[in-house]
Structure formats: C-alpha cells, structure tokens
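Here is how names work: the chains are called A, B, and so on, in the same order as the sequence lines, proteins then strands, and each is numbered from 1. Because only heavy atoms are used, hydrogens play no part in the values below, and waters and symmetry mates are left out as well, while side chains stay in. Remember, it's a predicted structure, so these values are computed and weren't measured experimentally.
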Protein chains: 2
Amino acid sequence: MDLDRIDRQLLQALQHDARLTVAELAERVALSASPCWRRIKRLEDAGLIQAYQARLSSEALGYGVTAFVSVMVGSHSQDAARAFEARVTEIPEVIACHNVSGRYDFLLEVVAPDLNTFGEFARNTLQTLPGVKELYSSFSLKALKTERHLPIP
Amino acid sequence: MDLDRIDRQLLQALQHDARLTVAELAERVALSASPCWRRIKRLEDAGLIQAYQARLSSEALGYGVTAFVSVMVGSHSQDAARAFEARVTEIPEVIACHNVSGRYDFLLEVVAPDLNTFGEFARNTLQTLPGVKELYSSFSLKALKTERHLPIP
DNA sequence: GGTGAAAGCGAGGACCA
DNA sequence: TGGTCCTCGCTTTCACC
C-alpha cells in the first residue's frame, strides 16, 4: 500500500497516542475531519494499524522482573519446535516470543513479580516445555526504551 | 495501588482494545458509565495505564527484518555505558533497548527493510556507538507472540 | 463507592465538487 | 481525492444517594 505524507503523519501520531480524535488529527495534518477519518479507516483495513492497545506499567502491576530467556530446543525436528511453540505462546508470563536464528532457537520475554518467582517459573514451567534443552536467562537491569515505536518510512 | 476485580477487568479489556468506549466497558464490568469512567481516569492517573498506542504492522511498513542485537560495551565504566545509552535510544530503528545482565550489556530490538540494510546499519551505526566492543545479532525467523499483553494479577 | 441526567462533541455516513 | 452538513450516540461532568 502506498503511503503519502499525510498517511505517514497519521500513523506517526496514532502510534504515539491512539486516543487522538479524528478532529485533532485532521487539524494536525491540515485536512477536514471526513477525509481524515477515511484515511484512518483505510490504514486500519489495510492492516497497517493492527490494533489499538493500552500500554500498562509492568512495575505498577507488580512485575519487578523482566527477563529475556533464550531457549534451545533439543532436536531440531519440526515436531519438537511445533509442540514447543504451541505451548509457550499460551503462557501469560511470556509476553513475547520469537523463533530466532543463532545459537538459540527461541527468544522469550518474560515478566515475573521477583527473581524468586521467576526462578520457580523457569524451573517448573519453561524447563518442562516440550523439547527444551537449554535456557539462558538475561535480566533487564534498566529499560531504556520500550515504547517500540516503529520509524515511519 | 490496590486493584479490585473490576479494575483488573478494565485493564485487561483496554490492553486488548484501547478503543472500547466507556459505555462498552461499563456494560462488560456491569457498572454504569460514570463510575467506570472514574475508575479508568484513576488507573491513568496512577500510571497503571501509561499510554494508548496504535500497534502498527512492521511488515506492512516494509520492515522485513526484526533483529535482536546483543551489545557488549568495552570498559564497564559508567561513562561508556552512559554515552552509549544516550546515543542508542535516539536511533529510530532501535525500537527497544534494555540494559541487561549476563555476557552482554545491552539487548536491542532493531527493525530494517532487509538483511542488507540491516548489515549496513549494524556496521555504520551500531558498531560506531561509543564504547561498543562486540555485537551479536539474532534474527527473528518467526514472530510467535508480539502483542505483549501483561498478565493481570 | 454508586446512579441518573444533561450538555456538548465526535464518529461515521450521505452527498457534492 | 477533499469538503460540508447532519444525526446519533458517546463522553464527561454535574448533583445526589
């Protein structure tokens, strides 16, 4: 899908604040409300805007620990990976999961109230997932940038 | 801040869809609009809801590559890390950055249009950041879970 | 903490250039 | 594409329980 300057401005604005009203957005991009609204709809329908979500504070929710867990699955058979994927994505504490290249097979982002709880979680839940051969956990000491705003081309 | 069952329901709902109207939320939690609105305001003011943001599709925006880059900074002096942090957070392609424990010092999430562009970016931008001693890049082969919804306690 | 009402405004559509 | 109007329903803030 082709994006002109106005589309990019809209995406940029909505990425920072999904609560902006069409009227506010329209003013910002120097358009009237209707065409502005239509553009946003178009961006949504095209899948460029995937969702509007509230970003919550993990600290305020009591998650003192954010960990990045690298996982190596035993055999590199399709089945082992498939089973692991199905199970790991269902775990609420695993807030993000990627199949990655390199020494490990998966990279997980995990939240936990404290190190103790995380330790138990790693031992009782992660370690017991199908095919898991090795875990390497790295803890976030300081979150420097977490808004995850994509650069608009 | 203490959260009761209704607060948690509201957070859960808004985390999935920030566009839900107060009226819809009120119905869902079996409350009338007014107190529901006050609760949401309270959650916002308490910092539990940090922002409302549109989640954009990196693929649709032309970012075919998502990489996780582990960075080791040379001396573990305060200054080197400080300088690195200041610079790295300003780079748009770096959509997330954590100071982490373990063998490496920082973990970055980076987007790029393709591997070629990423390679140049790593060489020309990341490698030249202050104090950088070693980079290890791991590429996302498949994003299995990216909504990053926090579990509500 | 909860309800209900009232004012004002935005969403979303019909229609025109 | 962009603009103008129109209407319905929602948000937001009251006063009050």
Contacts under 3.5 Å, N or O only, protein and nucleotides 13-17 of chain C:
from, atom 1, to, atom 2, distance (Å)
C/dG13, O6, A/Ser34, OG, 2.9

task: Would you confirm whether B/Thr117, through its side chain, and B/Pro113, through its main-chain N or O, come within 3.5 Å as a donor-acceptor pair?
output: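 Such a contact is absent between B/Thr117 side chain and B/Pro113 backbone.
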Could you state the atom-to-atom distance from [atom1] of [X] to [atom2] of [N] in whole Å?
| X | N | atom1 | atom2 | answer |
| --- | --- | --- | --- | --- |
| B/Tyr52 | D/dT11 | OH | P | 11 Å |
| B/Glu44 | D/dT12 | CD | C1' | 13 Å |
| A/Met1 | D/dT1 | CE | C1' | 13 Å |
| B/Arg5 | C/dG1 | CZ | P | 16 Å |

side-chain hydrogen bond (donor to acceptor under 3.5 Å, both in side chains) against A/Ser101, all qualifying residues, sequence neighbours excluded: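 Listed in chain order: nothing, the list is empty.
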message: With a 6.0 Å cut-off (strictly less than), is the heavy-atom count around CD of B/Glu27, excluding the residue itself, greater than 12?
response: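 Open: at most 12 neighbouring heavy atoms sit under 6.0 Å from CD of B/Glu27.
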message: Within the supplied structure, the quantity of interest is the number of heavy atoms (other residues, nucleotides, ligands) at a distance under 6.0 Å from B/Glu134 CD; does it exceed 12?
response: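 Buried by this count: over 12 neighbours within 6.0 Å.
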task: Answer with base, sugar-phosphate or nothing: what part of the nucleic acid does A/Arg39 contact at a heavy-atom distance below 4.0 Å?
output: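 Touches sugar-phosphate only.
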- prompt: Taking DNA chain C as the partner, which of residues 6-32 of chain B come within under 4.0 angstrom of it by heavy atom?
  reply: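 Close to the strand are B/Leu31, B/Ser32.
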message: Please determine whether residues A/Val22 and B/Val22 belong to a single hydrophobic cluster, defined as Ile, Leu, Val, Met, Phe, Trp and Tyr linked transitively by side-chain heavy-atom distances below 4.5 Å.
response: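 Per the 4.5 Å side-chain linkage, A/Val22 and B/Val22 are not co-clustered.
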message: Would you call the rings of B/Phe118 and B/Phe139 parallel, tilted or perpendicular, taking 30° and 60° as the class edges?
response: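 Geometry flag for B/Phe139 against B/Phe118: perpendicular rings.
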message: Once you measure the plane-to-plane angle for A/Tyr104 and A/Tyr136, does it fall in the parallel (<30°), tilted (30-60°) or perpendicular (>60°) bin?
response: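 Geometry flag for A/Tyr136 against A/Tyr104: parallel rings.
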message: Taking the ring centre of each residue, are A/Tyr52 and B/Tyr52 less than 6.0 Å apart?
response: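 No: the rings miss the under 6.0 Å criterion.
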